[in-house]
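Encoded as structure tokens, the structure appears first; notes follow it.
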Amino acid sequence: MACENNLVVKQIIDLYSQISNLESLKPSKNVDTLFGQLVSTCLPTDTDIDVTKIHDEKVKDMRSHLIKLCGEAEGYLEQYFSTIIGSFEDNPLNHLHIFPYYNNYLKLSKLEFDLLAQHTSHVPTKIAFIGSGPMPLTSIVLAKFHLPNTTIHNFDIDSQANTLASNLVSRDPDLSERMIFHTTDVLNAKEGLDQYDVVFLAALVGMDKESKVKAIEHLEKHMAPGAVLMLRSAHGLRAFLYPIVDSCDLKGFEVLSIFHPSDDVVNSVVIARKLGGSSEAGSSQIERCVIMPCNCSKIHAIMNSRGMKKSMIEEFSAIE
């Protein structure tokens with residue numbers, strides 16, 4: 001595929017060139033404009049570009065570096081707005097709408113909750129979020145709007161990020177009790193991972209294939225059999241912004257669903273179950289990648305071995 005000659009890819013390469021020459025990726029008018037243009041360029045889903053089939057080494061190297069630049073810029077953006085929102089004297093959670101991508105997180109968290117409800121037989125009492133960052137919006141949105149009785153443990157390698165994140169919920173009488181923060185590298189988190197019904201792995205944990213797979217392998221080793229793993233991936237042009245998680249990266253897990261949004265929610269969502277639990281229902285390890293078509297109007301079930309009981313759907317719906 002002559003990917004480098006594609007008009008849209010040329011636009012992405014041009015934006016990459018401008019972004020990579022910036023003196024700083026911290027929020028500013030120029031930084032915000034360039035990344036806004038980049039996201040807008042990568043959002044369209046009516047494209048036949050498959051980044052997994054790109055053979056042009058220049059484009060592959062550009063994409064790898066661009067993903068890291070996006071991750072760095074996103075970290076600065078979250079740090080900036082977490083500091084501002086956390087400075088309000090009243091409950092900072094009343095001001096989350098200031099964050100420019102707050103509505104996207106509302107949509108993404110609702111999507112992930114719906115997937116979880118479809119593939120889980122009970123409401124989780126304890127969730128781990130790996131790579132929560134200074135602005136743990138997924139954890140906050142899930143705890144506030146979807147899982148009012150669930151305790152969420154947030155793990156991040158950056159102590160400053162956890163300090164900022166903790167400050168956001170410290171004045172909320174409910175979430176200050178149900179949001180717990182741990183400063184550690186995910187690869188050092190071993191004991192206790194088997195206590196969680198659900199583990200979320202943030203898109204920015206593992207910015208290249210090798211480190212992403214390493215994190216997944218670690219979770220597979222220490223999660224409880226039957227526990228659910230939620231991951232964020234990317235599809236189409238959006239894979240220039242975030243790394244892709246393939247089904248073959250999930251050895252030791254049963255892949256349940258992959259969903260590719262077609263709106264302004266950038267990340268795809270992958271949900272899988274750790275093999276070995278009673279819910280395995282005789283499924284075997286996936287030894288090859290399963291390529292999912294991008295029909296974004298519905299959730300793509302790959303190997304969901306059992307349906308959701310009506311009573312449990314009602315149980316989840318009752319807490320929305």
Side-chain angles (χ1 to χ4, degrees), residues 9 12-13 15-22 24-27 31 34-35 38-39 41-43 50-52 54 56-80 82 101 104-105 108 128-138 154-162 165 183-189 199-220 229-251 258 260 265-270 272 289:
V9 176
I12 294 173
I13 292 173
L15 288 167
Y16 162 74
S17 178
Q18 296 180 64
I19 290 171
S20 60
N21 285 321
L22 290 169
S24 171
L25 295 177
K26 293 182 178 180
V31 170
L34 286 173
F35 277 101
L38 177 65
V39 172
T41 304
C42 293
L43 275 182
D50 182 351
V51 300
T52 64
I54 293 177
D56 189 316
E57 291 300 325
K58 288 175 60 178
V59 177
K60 289 169 66 176
D61 290 344
M62 179 276 293
R63 173 180 170 254
S64 178
H65 190 214
L66 182 57
I67 288 174
K68 293 177 181 178
L69 292 174
C70 289
E72 184 179 348
E74 186 171 330
Y76 283 134
L77 184 72
E78 290 191 6
Q79 185 181 64
Y80 176 77
S82 184
Y101 297 105
N104 295 68
Y105 275 92
L108 179 57
F129 195 100
I130 310 297
S132 48
M135 192 77 138
L137 279 175
T138 299
N154 301 278
F155 293 80
D156 202 278
I157 195 172
D158 187 342
S159 60
Q160 182 185 9
N162 274 339
T183 300
T184 184
D185 187 327
V186 60
L187 299 181
N188 293 329
V199 175
F200 282 77
L201 184 65
L204 299 184
V205 177
M207 298 301 289
D208 55 61
K209 174 67 74 174
E210 182 181 356
S211 54
K212 179 75 73 176
V213 170
K214 193 173 183 179
I216 292 171
E217 288 176 344
H218 178 82
L219 292 175
E220 190 278 331
L229 178 62
M230 300 283 292
L231 309 99
R232 289 170 182 172
S233 181
H235 184 79
L237 292 171
R238 301 166 187 222
F240 282 102
L241 306 174
Y242 290 100
I244 296 173
V245 176
D246 293 313
S247 56
C248 56
D249 298 330
L250 291 160
K251 292 180 173 62
I258 297 176
H260 303 306
V265 175
V266 177
N267 290 111
S268 297
V269 179
V270 180
C289 292

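Atoms considered below: every heavy atom in the structure, side chains included; atoms not considered: hydrogens, waters and symmetry mates. This structure is a prediction, so every number in the text was calculated from the model and none was measured.
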How long is the straight-line distance from CG of D61 back to CD1 of I54, given to the nearest 0.5 Å?
11.0 Å

Quick one: salt bridge (charged side-chain N to carboxylate O under 4.0 Å, His left out) partners of R63, sequence neighbours excluded?
none

With side chains defined as the heavy atoms from C-beta onward, is the minimum distance between L25 and L69 less than 4.5 Å?
yes

Please check: side-chain N/O of K26 versus main-chain N/O of L77, any donor-acceptor pairing under 3.5 Å?
no

About how many Å separate CG of L66 and CG of L38, when rounded to the nearest 0.5 Å?
5.5 Å

Run Q160 and Q79 through side chain to side chain contact (heavy atoms under 4.5 Å, CB included) and show every step you take.
CA-CA 9 Å; Q160 182 185 9; Q79 185 181 64; 3.4 Å; yes

Between CG on residue L43 and CG on residue L237, distance to nearest 0.5 Å
9.0 Å

Answer whether the closest heavy-atom distance between the side chains of F240 and V59 falls below 4.5 Å.
yes

Side-chain donor/acceptor of N154 to backbone N/O of S132, under 3.5 Å:
no

What heavy-atom pair brings Y242 and A234 nearest, and what distance separates the two atoms?
O-CB, 3.6 Å

So do the side chains of I157 and V205 get within less than 4.5 Å of each other, counting heavy atoms only?
no

Rounded to the nearest 0.5 Å, what's the gap from CE on M207 to CD on E72? Could you check?
9.5 Å

Which pairs count as side chain to side chain donor-acceptor pair (under 3.5 Å) when at least one residue sits in residues 202-211, sequence neighbours excluded?
D208-S211, K209-D246, K209-D249

Looking at P243 and G206, what are the two nearest heavy atoms and their distance?
CG-O, 3.7 Å

When you compare the side chain of I258 with that of V269, does any pair of heavy atoms fall below 4.5 Å?
no

With a 4.5 Å cut-off on side-chain heavy atoms, are V31 and S24 touching?
no

Approximate separation, where rounding is to 0.5 Å, of L34 CG and N21 CG:
10.5 Å

Could you walk me through whether E78 and Y101 pass the side-chain hydrogen bond (donor to acceptor under 3.5 Å, both in side chains) test, one step at a time?
CA-CA 10 Å; E78 290 191 6; Y101 297 105; over 6 Å; no

Which atom of L204 lies closest to which atom of G71, heavy atoms considered
CD2-CA, 3.8 Å

Restricting to non-hydrogen atoms, name the atom on G131 and the atom on D156 that form the minimum distance, rounded to 0.1 Å.
C-OD2, 3.6 Å

Could you check whether any side-chain heavy atom of F155 comes within less than 4.5 Å of a side-chain heavy atom of N162, counting everything from C-beta outward?
no

Any side-chain heavy-atom pair from V199 and I130 closer than 4.5 angstrom?
yes

Taking the six-membered ring for Trp, are H65 and Y16 parallel (under 30°), tilted (30 to 60°) or perpendicular (over 60°)?
perpendicular

Is there a side-chain contact between L229 and L231, using heavy atoms and a 4.5 Å cut-off?
yes

CE-CG distance between M62 and D56, expressed to the nearest 0.5 angstrom
9.0 Å

Take T138 and R232 through the test side-chain hydrogen bond (donor to acceptor under 3.5 Å, both in side chains) and record every step on the way to the result.
CA-CA 12 Å; T138 299; R232 289 170 182 172; 2.5 Å; yes

Is E57 salt-bridged to K60, going by a charged N under 4.0 Å from an acidic O?
yes

For V266 and L108, run side chain to side chain contact (heavy atoms under 4.5 Å, CB included): C-alpha distance rounded to whole Å, both residues' side-chain angles, the deciding distance at 0.1 Å, then the answer.
CA-CA 9 Å; V266 177; L108 179 57; over 6 Å; no

If only atom types and distance count, is the side chain of S20 paired as donor or acceptor with the main-chain N or O of S17 below 3.5 Å?
yes

Apply side chain to side chain contact (heavy atoms under 4.5 Å, CB included) to V270 and S247, showing your working.
CA-CA 9 Å; V270 180; S247 56; over 6 Å; no

With a sphere of 6.0 Å drawn around OH of Y80, does it hold more than 12 non-hydrogen atoms of other residues, nucleotides or ligands?
no

Atom of A215, atom of V186 and distance for their closest heavy-atom approach
CB-CG1, 4.5 Å

Taking all heavy atoms of G236 and all of V51, pick out the closest pair and write down the distance.
O-CG1, 3.9 Å

Does the side chain to side chain contact (heavy atoms under 4.5 Å, CB included) test come out yes or no for I216 and K251, once each step is laid out?
CA-CA 8 Å; I216 292 171; K251 292 180 173 62; over 6 Å; no

Taking it one step at a time, do S268 and H260 satisfy side-chain hydrogen bond (donor to acceptor under 3.5 Å, both in side chains)?
CA-CA 5 Å; S268 297; H260 303 306; 2.8 Å; yes

Taking the side chain from S82 and the backbone from P134, do they hold a donor-acceptor pair closer than 3.5 Å?
yes

